[in-house]
Peer 1: 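Dropping a structure here in structure tokens format, bear with me for questions.
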Amino acid sequence: MMEPLSSDPVVDQLSLKERLVASCSVDSLLGCFPILTWLPRYNLEWLKMDLLAGLTVGLTVVPQGLAYAEVAGLPVQYGLYSAFMGCFVYCVFGTSKDVTLGPTAIMSLLCSFYIGGDPVYAVLLTLLCGIIQTGMALLRLGFLLDFISYPVIKGFTCAAAVTIGFGQVKNILGLKGIPQQFIPQVYYTFHRIPEARVGDVILGLLCLLFLVMMTMMKNTLGSLEENPSLLVRVARGLVWSFATIRNALVVIAATCVAYSTELAGSHFFTLTGKTTKGLPHFSPPAFSETTANGTSVSFSDIVLDLGGGLAVIPLMGVLESIAIAKAFGSQNNYRINANQELFAIGLTNILGSFVSAYPVTGSFGRTAVNSQTGVCTPAGGIVTGVVVVLSLAFLMPLFYYIPKASLAAVIICAVAPMVDYRVLPQIWRVRRLDLLPFLVTFLVSFWEVQYGIVGGVAVSGLMLLYLVARPELKISDHGVIVMELGSGLHFPAIEHLCGVLRSHALHVSPARCVVLDCHHVSSIDYTVVNELKDLLKQFKLHNVSLVFMGLKPSVLEVLLAAELPGFKHRDSIEAGLQAASSNSHYD
């Protein structure tokens, strides 16, 4: 028998509060642990798709991880050290089913400028980046990323792709001792072409040719006839499978060739060389180090050496990952939580530093593979992580024989799509002025990548500040001057507005009345109120009126509280014109 409802309103109110608290607690728990939103509904069909996707991405991330460590200037095993922690952490804390965290080309390039090829610097940078990113998430500072405009992002990614891609030409040619800086790198690479190793050149070009062909074949699959026969579907499935794991196939084939030549006593190729065997030890990163010449480098010295990297790398890591998550969320009809993504990346880097990882972020290429393979939940990342761990445990001795030319081919093909030739005409058609931050970022990045980002953000910020300080003013004459503010009104703009009002209304003979259309103004500050007080006094001295029209309630409340002398406001343009024409200073 059902218990009767309480007739005591206090008890009813208490139970309502308890229910609300319980509901809030559940929402908070689901927000902190997104895995709880999909794990209770997990089924065998999802398991099958997640296994397939996780295995496919695993076969992609292993060769890419080895290659990206080369870009970062670290021993190749550090690429794999960085490739598995994010798979496990993101499964619990991530809000996108598609995103995979790990080493990327851009992050590797950025790290190379700050760590100088020193693993101690790299691992400590990972910890500090993770702490910064996690702190940003807890303080809800994800909105700071909104100040990095799209032209800046595209300028940076295009320049980074060119820098990374050309940086691998030396490995295709088998050259050593080439500088890291882009301009000297270009000069010395071309200058030393006669020293190129024939074996590396032939192998590198063959690997590039195979990767390009497989990519083109995969891209044409979608345009083939619909409703094909069973045989055609099987053939297309095989082509798609081989094209998806093309990086692994290239590296395996090149390694077999190199191993065979080494057994025969010939040294045709430049090999990856000695790698550390087995899994990394789980231990906190070193906070100091002693160099080969016996010099002790303290924690504070390392932090000073990392310098701007402690700002650039955390921000760019978060920006890249969240942009990828939003893109695939929109494509696959789900939403992500930006602050939760920020927390997942930060925690990944913190825990990653305990397994000798360098900073990671979301990978666009591997996320695309994950999505196209049909992943259903972030659990696919667990399979990817297991593949990487098994590779570290059992395959490290074989990585000695991987030719550097094959890894260079993998990197070049991975970054080539990042050079977006369509962005320039698109920006030109939409807003030509946005080419300025794009070009500043793109060109300065060839000098120093981090300066390119800072320069682009600075130019975008100045453009934004200029728009705030110089809002569009539409002026029309109805016997009385009507001036419409095209955007909000804040303290950088008030001096400009007052100058225009004086020149059009007070510094003419005879002085003119003005109706100021403020329907775009949503907020106002003390500086604006103070300047308007002086302006109204000047209008009064010239015996003309300044009438405000279309004020929002919140703005009107502030202006009324300020008790401005001669302040008039009307709701419509007709009422404003009438009030101004009457030349009355008080209501």
Side-chain angles (χ1 to χ4, degrees), residues 53-72 74-84 86-87 100-109 164-165 167-168 171-172 200 203-215 218 241-259 269-273 275-276 357-358 360 363-370 372-373 381 383-418:
L55 181 61
T56 305
V57 175
L59 293 174
T60 304
V61 72
V62 170
Q64 282 192 345
L66 299 170
Y68 291 151
E70 185 83 17
V71 175
L74 296 169
V76 292
Q77 64 265 21
Y78 282 86
L80 297 187
Y81 293 165
S82 308
F84 66 85
C87 300
T100 63
L101 300 182
T104 67
I106 289 178
M107 191 56 61
S108 301
L109 177 68
I164 294 167
Q168 295 305 308
N171 289 328
I172 296 284
D200 287 321
L203 181 65
L205 292 177
L206 286 174
C207 290
L208 278 173
L209 180 62
F210 176 81
L211 290 170
V212 171
M213 286 177 56
M214 295 304 292
T215 301
K218 185 177 181 180
S241 300
F242 284 124
T244 300
I245 60 171
R246 59 189 179 276
N247 292 331
L249 294 177
V250 159
V251 172
I252 291 171
T255 303
C256 291
V257 171
Y259 182 72
F269 311 110
T270 304
L271 304 180
T272 296
T275 58
T276 302
Y358 68 88
V360 301
S363 165
F364 185 86
R366 296 193 297 274
T367 299
V369 170
N370 209 24
Q372 292 166 6
T373 314
V383 182
T384 300
V386 169
V387 171
V388 176
V389 169
L390 291 175
S391 299
L392 280 166
F394 301 108
L395 301 180
M396 290 303 291
L398 297 178
F399 293 159
Y400 176 96
Y401 297 98
I402 297 177
K404 287 190 174 184
S406 64
L407 295 179
V410 169
I411 294 173
I412 291 172
C413 289
V415 300
M418 291 163 53

Peer 1: What distance separates Ile164 CD1 from Met418 CE, expressed to the nearest 0.5 Å?
Peer 2: 5.5 Å
Peer 1: Rounded at 0.5 Å granularity, tell me how far CD1 in Ile172 sits from CG in Leu205.
Peer 2: 6.5 Å
Peer 1: Taking Ser82 for its side chain and Tyr358 for its backbone only, find out whether a donor-acceptor pair lies under 3.5 Å.
Peer 2: yes
Peer 1: Distance check, rounded to the nearest 0.5 Å: Leu206 atom CG versus Leu203 atom CG?
Peer 2: 6.5 Å
Peer 1: Tell me if the CZ atom of Phe210 is crowded by more than 12 foreign heavy atoms within 6.0 Å.
Peer 2: yes
Peer 1: Using atom types as modelled, flag every donor-acceptor pair under 3.5 Å from a side chain in residues 60-68 to any protein atom, sequence neighbours excluded.
Peer 2:
| residue | atom | partner | partner atom | Å |
| --- | --- | --- | --- | --- |
| Thr60 | OG1 | Thr56 | O | 3.0 |
| Gln64 | OE1 | Arg366 | NH1 | 2.8 |

Peer 1: Using atom types as modelled and distance alone, determine if a side-chain donor or acceptor of Ser108 lies under 3.5 Å from a backbone N or O of Ala69.
Peer 2: no
Peer 1: Side chain to side chain contact (heavy atoms under 4.5 Å, CB included), that's the test. Do Val387 and Leu55 meet it? Break it down for me.
Peer 2: CA-CA 7 Å; Val387 171; Leu55 181 61; 4.0 Å; yes
Peer 1: For Leu392 and Gln77, which heavy atoms make the closest approach, and how far apart are they?
Peer 2: CD2-O, 4.4 Å
Peer 1: Does Phe269 have more than 12 heavy atoms from other residues, nucleotides or ligands lying within 6.0 Å of its CZ?
Peer 2: yes
Peer 1: Side-chain donor-acceptor pairs under 3.5 Å in residues 395-416, sequence neighbours left out?
Peer 2:
| residue | atom | partner | partner atom | Å |
| --- | --- | --- | --- | --- |
| Ser406 | OG | Pro403 | O | 2.7 |

Peer 1: Do Tyr81 and Thr276 touch side chain to side chain, with heavy atoms closer than 4.5 Å?
Peer 2: yes
Peer 1: So, for Phe84 and Leu80, which heavy atoms are closest and what is the spacing to 0.1 Å?
Peer 2: CD2-O, 3.4 Å
Peer 1: Side chains of residues 243-254: which donor-acceptor pairs under 3.5 Å do they make with residues two or more places apart or in other chains?
Peer 2:
| residue | atom | partner | partner atom | Å |
| --- | --- | --- | --- | --- |
| Thr244 | OG1 | Lys218 | NZ | 3.2 |
| Thr244 | OG1 | Trp240 | O | 2.7 |
| Arg246 | NE | Thr215 | OG1 | 3.2 |
| Arg246 | NH1 | Ala243 | O | 2.5 |

